[in-house]
Amino acid sequence: MFKKVLSDFSVVSKAVNNVALQTAKNYATKSEATFTVKPFKLHKFEQGPSETVSITRDEALVCYRQMQTIRRLETSAGNLYKEKIVRGFCHLYSGQEACAVGMKAAMRPQDNIISAYRVHGWTYLMGVSPQGVLSELTGRRGGCARGKGGSMHMYAPNFYGGNGIVGAQVPLGAGVALACKYKGNEGVCLALYGDGASNQGQVFEAYNMAHLWKLPCIFVCENNNYGMGTSAERSSSNTAYYTRGDALPGIWVDGMDVLAVKSATEFAIKYVLEHGAIVMETNTYRYSGHSMSDPGTSYRTRDEIQEVRQTRDPITLFKEKIIDAELVTAEELKKIDGEVKKEVDAATAAAKSDKEVEMVELTTDIYSNTLEPLIRGANPITTFKHSSLNRAVNLK
């Protein structure tokens, strides 16, 4: 009898607790919450970014929507590639969303970013609509580069693109930082590259120049642990990428935590404006292969990928944090999920039905101020009239 009473009491207690938990999830009671992030690893720093990060309800909703939109965009991009509507190269960012969203949350209007070829998400964050991203991927005129750039060459204000040559964007990023210093606008440049590109000689040359000239440049190694077909350990003698700037100080940050990335980037912006360049490593993970032609399972196991999805997914982790902190409700996030799905589905349909640019546009977007009336083609003997000489040009 006594055991039955205890059992009944236990059942009732669990029910009450579940109701209380559900009630907490249905009502957001806080406008701001503070979280503790994983400790940062430091190189040549006595003190690093704050491990206590505060975020408002509105900021949390923005970050969540942005990460979900990037995830949806990449899913759509992968499907379009499989349908052979996206041609050429296509590198997906799924799993790395916290890196881009965290950095963007810390950036100011005068700050800049340049990256490699895994940039669909960054293009969206820097102001291009989902349709503009997907139309660019499919080579249509509604794309941010009118379909001429494709997956690897997208641009937006303060966003100097995806760049197809491995590591080549890093010295360009130092150049953008030099421009900020020259103009005196208090802006910085985040120059992003992967662990695979980290061994390029031009990366170290950029480090050296940026340090000597005290440029406001944040060199960001997005370490997703695998290069093109191999692990970081097999390609790099030193996988502590945040230490590889030698004289440059460095920070290691958990790239699966959007709040940790935000805190580190805020710290880095303040530092480089006062003292010059630093190296920041965001330790993250990509779910897909290096590109769509890489299945991504010949050098790692499916179990490993699944484990990361289940235990370290940046969107799931952030979702649980902000719900438990009563910043948002599960219903609110579910509504955002539906809105994002609807938006990306509509953008996908629009990109499929969009048209390619006219042939006459082959001679546009070559020079900012065209001085030559004839443009050389692939064959040096063959030339094309610049579109400004053709009254029939219609770029709309």
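- Evaluated for a ring-ring contact (aromatic ring centres under 6.0 Å, His included) with F219, the options F204, Y241, Y207 yield exactly one hit, Y207.
- Residues Y64 and F318 form a side-chain contact, since some pair of their non-hydrogen atoms from C-beta on lies under 4.5 Å apart.
- With no hydrogens or angles considered, no side-chain donor-acceptor pair links Y124 and S129 at under 3.5 Å.
- Taken from CD in Q110 to NZ in K183, the straight-line distance is 10.5 Å, to the nearest 0.5 Å.
- The minimum heavy-atom distance between S135 and G143, with the atom names listed, is CB-N, 3.4 Å.
- Within 6.0 Å of atom CZ in R302, 12 or fewer heavy atoms from other residues, nucleotides or ligands are found, so the atom counts as exposed in its surroundings.
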Given ring pair (Phe, Tyr, Trp, His ring centres under 6.0 Å), test F45 with F40 step by step and report yes or no. CA-CA 11 Å; F45 274 121; F40 300 98; over 10 Å; no
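- Atom OG of S151 sits about 9.5 Å away from atom CZ of R118, to the nearest 0.5 Å.
- Ionic pairing of E339 and R65 is present here: one or more N-O contacts between side-chain nitrogen and carboxylate oxygen are shorter than 4.0 angstrom.
- Between the side chains of N225 and S231, not a single donor N or O lies within less than 3.5 Å of an accepting N or O.
- Partner H290 forms a ring-ring contact (aromatic ring centres under 6.0 Å, His included) with one of Y226, Y117, Y299 and no other, that one being Y117.
- Remark: side-chain polar atoms of S263 are not paired, donor with acceptor, to backbone N or O of A260 under 3.5 angstrom.
- Inter-residue side-chain proximity for E332 and I323 is flagged as unmet; no heavy-atom pair is nearer than 4.5 Å.
- Looking only at side-chain heavy atoms (C-beta outward), L333 and I322 come within less than 4.5 Å of each other.
- The cluster map of Ile, Leu, Val, Met, Phe, Trp and Tyr, joined by side-chain heavy atoms under 4.5 Å apart, puts I114 and I218 in different clusters.
- A donor-acceptor pair is defined here as one N or O able to donate and one able to accept, closer than 3.5 Å; no such pair exists between the side chain of R57 and the backbone of K30.
- At least one donor-acceptor pair closer than 3.5 Å links the side chain of E136 to the backbone N or O of A145.
- A salt bridge links K148 and D365; the closest N-O separation between the charged side-chain nitrogens and carboxylate oxygens is under 4.0 Å.
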Start with the C-alpha distance between H153 and V119, add both sets of side-chain angles, then the distance that settles side-chain contact (heavy atoms from CB on, under 4.5 Å), and finish with yes or no. CA-CA 8 Å; H153 302 98; V119 290; over 6 Å; no
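- Ring pair Y155/F159 is tilted by interplanar angle, where 30° to 60° counts as tilted.
- A salt bridge is defined here as a Lys NZ or Arg NE, NH1 or NH2 lying under 4.0 Å from an Asp or Glu carboxylate O, and D345 with K341 meets this definition.
- Applying the side-chain contact (heavy atoms from CB on, under 4.5 Å) test between E281 and each of V279, T284, N283 identifies N283 as the sole match.
- Residues T230 and S235 bring no donor and acceptor atom of their side chains to less than 3.5 Å of each other.
- A donor and an acceptor atom, one from each side chain of T52 and T36, are nowhere located under 3.5 Å apart.
- Hydrophobic clustering of Ile, Leu, Val, Met, Phe, Trp and Tyr side chains at less than 4.5 Å, counting indirect connections, keeps W252 apart from L192.
- With hydrogens and angles disregarded, no donor-acceptor distance shorter than 3.5 Å links the side chain of H211 to the backbone of G245.
- Residues E343 and R72 are not in side-chain contact: their nearest non-hydrogen atoms beyond the backbone lie 4.5 Å or more apart.
- Using modelled atom types, one finds no donor on one side chain facing an acceptor on the other under 3.5 Å when comparing T329 with K334.
- Annotation: side chain of T138 is not in contact with side chain of K352 (no heavy-atom distance under 4.5 Å).
- The minimum heavy-atom distance between A106 and K262, with the atom names listed, is CB-O, 3.7 Å.
- Cluster annotation: Y193 is not connected to Y93 through the hydrophobic network of ILVMFWY side chains, with a link wherever side-chain heavy atoms come within less than 4.5 Å.
- Residues Q202 and P171 approach most closely at OE1-CG, 3.9 Å, considering heavy atoms.
- Remark: the backbone N or O of A350 is not paired with any side-chain donor or acceptor of Q131 at under 3.5 angstrom.
- We find the CG-OG distance between N224 and S288 to be 10.5 Å, quoted to the nearest 0.5 Å.
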I would like to know whether Q200 and V170 meet side-chain contact (heavy atoms from CB on, under 4.5 Å); could you show each step before the answer? CA-CA 10 Å; Q200 289 283 319; V170 181; over 6 Å; no
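- Side-chain contact check for S94 and E74: no donor-acceptor pair (N or O, by modelled atom type) lies under 3.5 Å.
- Taking 4.0 Å as the cut-off between side-chain N and carboxylate O, R71 and E97 count as a salt-bridged pair.
- Judged by distance alone, with hydrogens and angles left aside, the side-chain atoms of D354 form no donor-acceptor pair with the main-chain N or O of R140 at under 3.5 Å.
- The line from CG of L190 to SG of C99 is 11.5 Å long, rounded to the nearest 0.5 Å.
- Remark: R309 qualifies as a cation-pi partner of Y287 under the 6.0 Å distance and 45° angle criteria applied to the six-membered ring.
- Using cut-offs of 30° and 60° on the angle between ring planes, the pair H91 and F89 is parallel.
- Between the side chain of T364 and the backbone N or O of E361, at least one donor-acceptor pair lies under 3.5 Å.
- A 4.5 Å side-chain heavy-atom check between M280 and F267 finds every atom pair outside the cut-off.
- F384 places none of its side-chain heavy atoms less than 4.5 Å from the side chain of L374.
- When the side chains of ILVMFWY residues are joined at heavy-atom separations under 4.5 Å, either directly or via intervening members, V253 and L248 end up in two distinct hydrophobic clusters.
- Of the possible donor and acceptor atoms, none in the side chain of D313 sits under 3.5 Å from a partner among the backbone N and O of Q310.
- T348 has its side chain within reach of L80: a pair of non-hydrogen atoms, C-beta onward, lies under 4.5 Å apart.
- A donor atom on one side chain and an acceptor atom on the other are not found under 3.5 Å apart for S115 and N163.
- Note: C180 SG to L273 CG = 9.0 Å, rounded to the nearest 0.5 Å.
- Under the 4.5 Å side-chain heavy-atom criterion for ILVMFWY residues, a single connected hydrophobic cluster contains both Y271 and M103.
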